[in-house]
Amino acid sequence: MQGTIARMAQERFEWLELNEPGAVRTKAQKASEAVLGKRCPQCGWLDEETALTCFRCGYRYNIDQGMAERIGQLGVKLPPRIIEAGQNLDTFFRIYGRTRQPEPLDIYQLRQRGLALQLSQGFDRLVCLEEVAVEHYQHQIDAALRALHEMRGRALLADEVGLGKTIEAGIIMKELLQSGLVRTVLVLTPASLTEQWREELDGKFHEAFSVMETPQQWQEVKEASDGRWIVSLDRAKLQHHSDAILDREYDLLIVDEAHKLKNRSTLAWQFVNRVRKRYVLMLTATPVQNDLMELYSLITILTPGQLGTVRTFRKNFVEQGDARHPKNSLALRRLLNDVMIRNRRSKVDVKFTKRQAAIYHLELSEPEFILYQDVTDYIRRRFRDRDSNKHLRLTLITLQRELSSSPEAVAATLRKMVQDRAHSDNVRTELQKFLTLAESIPISRKLLAVRELLERFPGKFLIFTEYRQTQEAIMRRLEEWQIPAVAFHGGLDIQQKEQAVAAFRSEGRHAARVMVSTESGAEGRNLQFCHQLINYDLPWNPMRVEQRIGRLHRLGQAHDVAIFNLSCNETIEAHVIELLARKIRMFELVIGELDMILGNLEGNKSFEDLLREAWEASSSEGDLLNRLNALGDVLVKARREYERVRESNALLDVALDL
């Protein structure tokens with residue numbers, strides 16, 4: 001009892017100090033400057049002052065147009081660039097000495113129709129919006145119209161993080177599909193985002209995509225005239241995949257995290273550049289990572305020659321002292337306006353509410369603490385056993401994570417292990433002892449903390465947990481405390497899910513004050529009518545924590561959002577929350593920034609992989625703490641790298657007045 005009282009004295013409720021997300025402040029100042037060079041009167045290209053011919057269309061600057069007109073007055077006929085309306089084609093060929101006869105009428109009309117479609121201004125309004133199940137905002141509609149109307153479906157979507165580049169790309173894709181201009185779509189993404197893209201394109205845009213993982217799958221669709229495919233860029237660039245992918249043409253290519261193509265000498269850039277595509281959408285919030293030549297690499301995939309040659313671009317637009325600073329910014333802005341769309345949070349009519357985050361540092365009760373220590377010790381011993389196989393290791397990792405969730409979740413896994421005859425009698429006896437202890441715990445400290453939070457803070461609460469057994473335990477206690485609540489999990493059918501959300505959304509005596517959700521509630525559900533969230537337990541994958549927060553703190557939320565994280569001292573969960581809150585500082589990040597930070601981790605390993613490796617390699621709590629401190633240093637470095645990249649893009653924004 002004295003030990004429990006002493007531990008309870010270590011509990012504390014801590015509000016985290018969060019910095020306001022926003023643009024990076026730089027010393028760069030906007031300055032007006034003259035446009036150097038001359039603009040082609042035929043295509044609008046801005047060329048060097050000394051150029052004799054237009055780099056883009058070949059127009060000859062040194063021809064005296066007035067002289068050409070006077071030559072015409074003397075009766076010398078020159079072939080016109082455009083056939084006058086109504087002019088007889090036979091007469092045209094006879095006058096100007098052309099021997100080649102025109103194509104048959106049906107071929108000519110087909111070609112004219114194709115040119116009309118190609119040159120049509122079109123897309124004055126979007127017809128696909130009634131067919132998509134997504135909240136859209138004016139800046140997204142404007143971006144889609146501009147990409148279709150002005151850029152002919154070849155655009156770099158470079159909005160700042162959190163403004164919905166994926167939504168813009170989906171709207172553009174859907175519009176092209178409905179107009180009949182696109183039948184085949186290829187999406188290239190980082191490996192970690194393939195399934196997320198598939199779910200969003202299916203759920204929000206009602207387009208079923210196949211995630212391609214083998215070269216054989218590509219051979220099966222080689223002749224398909226209609227198809228939707230997603231593949232990770234790392235997989236696609238490998239030769240046994242790339243050969244099959246490059247063997248056909250695609251109507252639309254979408255490239256997510258396009259800043260990974262910043263270097264023209266890499267295999268990834270060369271592969272994407274070789275993909276035969278009619279329309280291209282490239283998505284990145286940070287088109288500049290280190291210098292402006294990376295932006296040149298991206299634009300070259302979209303529209304080769306748009307920014308001139310490498311030499312002329314570097315000479316005309318890149319400051320020699322700092323390659324992140326553009327010069328001749330007005331001229332560069334005009335060129336980029338043809339191919340790049342970049343909305344900034346400070347410029348669009350979108351307001352995000354503030355975010356508050358707290359950690360409730362809890363002390364486990366005496367039985368819970370003994371259960372955690374004894375089972376953790378058992379797991380470490382079994383990991384060192386030579387006969388532990390992959391399946392057993394996965395079970396042990398799950399058991400370790402459940403120890404930070406609830407005794408009910410731990411008990412459910414222990415029952416299965418006790419019944420498994422693959423374990424020896426001695427092992428099963430030890431497991432049974434743990435099971436008896438878990439079942440004897442009447443109520444966990446976290447459940448009591450939930451009641452404290454509900455009593456202290458009025459309003460609706462969304463509670464997230466990873467485990468169904470934990471969810472059921474929470475629901476039972478809420479019912480005992482006469483707190484109206486609904487459960488949301490993947491086992492519900494569509495109608496049941498809608499009923500649960502409706503009950504949670506409604507007001508009045510019979511409305512649910514609390515929704516207790518498993519991870520399925522973090523997918524595709526917008527619950528902005530609630531603004532308080534409890535992370536009952538924490539996934540080892542921080543992207544899933546971000547998805548939880550994104551259900552509430554998103555466009556359309558009217559209130560400041562409060563995030564309460566339950567953390568039990570002297571557990572691995574306490575270490576995880578420290579890494580997320582202190583090292584990455586994820587609770588002050590805009591939705592989408594976390595993925596960009598984790599993308600800077602060394603060795604292309606995920607945070608979850610690094611955390612699991614640290615735990616598996618540790619021999620004691622002290623050893624684990626040392627390894628996690630080293631991981632924290634890696635996370636701090638990744639965060640600093642992202643901040644440096646964000647500053648680089650802020651310099652570009654200021655110079656170009658974007």
Open item on the list: Distance check, rounded to the nearest 0.5 Å: His240 atom NE2 versus Ile245 atom CD1?
Closed with: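 Rounded to the nearest 0.5 Å, the NE2-CD1 separation comes out at 9.5 Å.
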Between [X] and [Y], is there a side-chain N and carboxylate O pair less than 4.0 Å apart?
{"X": "Lys165", "Y": "Glu168", "result": "no"}
{"X": "Arg401", "Y": "Glu466", "result": "yes"}
{"X": "Arg146", "Y": "Asp142", "result": "no"}
{"X": "Lys204", "Y": "Asp202", "result": "no"}
{"X": "Arg646", "Y": "Glu593", "result": "yes"}
{"X": "Glu223", "Y": "Arg248", "result": "no"}
{"X": "Lys174", "Y": "Glu131", "result": "no"}
{"X": "Arg278", "Y": "Asp251", "result": "yes"}

Task: Thr312 side chain vs Gly308 backbone, donor-acceptor pair below 3.5 Å - done: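 Judged by distance alone, no pair lies under 3.5 Å.
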- [ ] Using atom types as modelled and distance alone, determine if a side-chain donor or acceptor of Thr214 lies under 3.5 Å from a backbone N or O of Gln217.
- [x]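 Yes: the side chain of Thr214 pairs with the backbone of Gln217.
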Donor + acceptor pair across side chains of [X], [Y] (<3.5 Å):
{"X": "Ser618", "Y": "Arg627", "answer": "no"}
{"X": "Asn565", "Y": "Asn535", "answer": "yes"}
{"X": "Asn263", "Y": "Ser265", "answer": "yes"}
{"X": "Asp537", "Y": "Ser405", "answer": "yes"}
{"X": "Arg644", "Y": "Asn290", "answer": "yes"}

Open item on the list: Is it true that, when you exclude Arg382 itself, more than 12 heavy atoms of the residues, nucleotides or ligands shown sit nearer than 6.0 Å to its CZ?
Closed with: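 Check passes, neighbour count above 12.
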- [ ] Please indicate whether Arg640 has more than 12 foreign heavy atoms, meaning atoms of other residues, nucleotides or ligands, lying under 6.0 Å from its CZ.
- [x]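 No.
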TODO: Enumerate the residue pairs fulfilling ring-ring contact (aromatic ring centres under 6.0 Å, His included) with a member in residues 255-305, sequence neighbours excluded, ordered by first and then second residue.
DONE: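 Non-adjacent pairs meeting ring-ring contact (aromatic ring centres under 6.0 Å, His included): Tyr296-Phe313.
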Open item on the list: Enumerate the ring-ring contact (aromatic ring centres under 6.0 Å, His included) contacts for residues 151-172, please, sequence neighbours excluded, ordered by first and then second residue.
Closed with: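 Qualifying pairs, neighbours excluded: none.
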Open item on the list: Using the rule side-chain contact (heavy atoms from CB on, under 4.5 Å), only one of Val221, Val187, Thr194 pairs with Met212; which is it?
Closed with: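 So the option named by the test is Val221.
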Task: Qualifying residue for side-chain contact (heavy atoms from CB on, under 4.5 Å) with Leu156, from Ile299, Val339, Leu281, Leu283 - done: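 Exactly one candidate clears the test, Ile299.
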TODO: Indicate yes or no: at least one non-hydrogen side-chain atom of Leu625 is less than 4.5 angstrom from one of His575.
DONE: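 Result yes, sub-4.5 Å side-chain heavy-atom pair found.
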Open item on the list: For a 4.5 angstrom cut-off between non-hydrogen side-chain atoms, does Glu175 reach Leu148?
Closed with: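 In short, these two side chains touch, coming nearer than 4.5 Å.
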Open item on the list: Set out, in order, the CA-CA distance, both residues' side-chain angles and the distance that settles salt bridge (charged side-chain N to carboxylate O under 4.0 Å, His left out) for Lys222 and Asp247, then state yes or no.
Closed with: CA-CA 7 Å; Lys222 181 178 179 180; Asp247 202 32; 3.0 Å; yes
Task: ring pair (Phe, Tyr, Trp, His ring centres under 6.0 Å) partners for Trp197, two or more places apart - done: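 With sequence neighbours excluded, Trp197 shows a ring pair (Phe, Tyr, Trp, His ring centres under 6.0 Å) to no residue whatsoever.
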- [ ] Using the ring of Trp540 (Phe, Tyr or Trp, six-membered ring only), decide whether Arg612 places NZ or CZ under 6.0 Å from its centre and within 45 degrees of its axis.
- [x]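 The answer is no; the distance or angle limit is not met.
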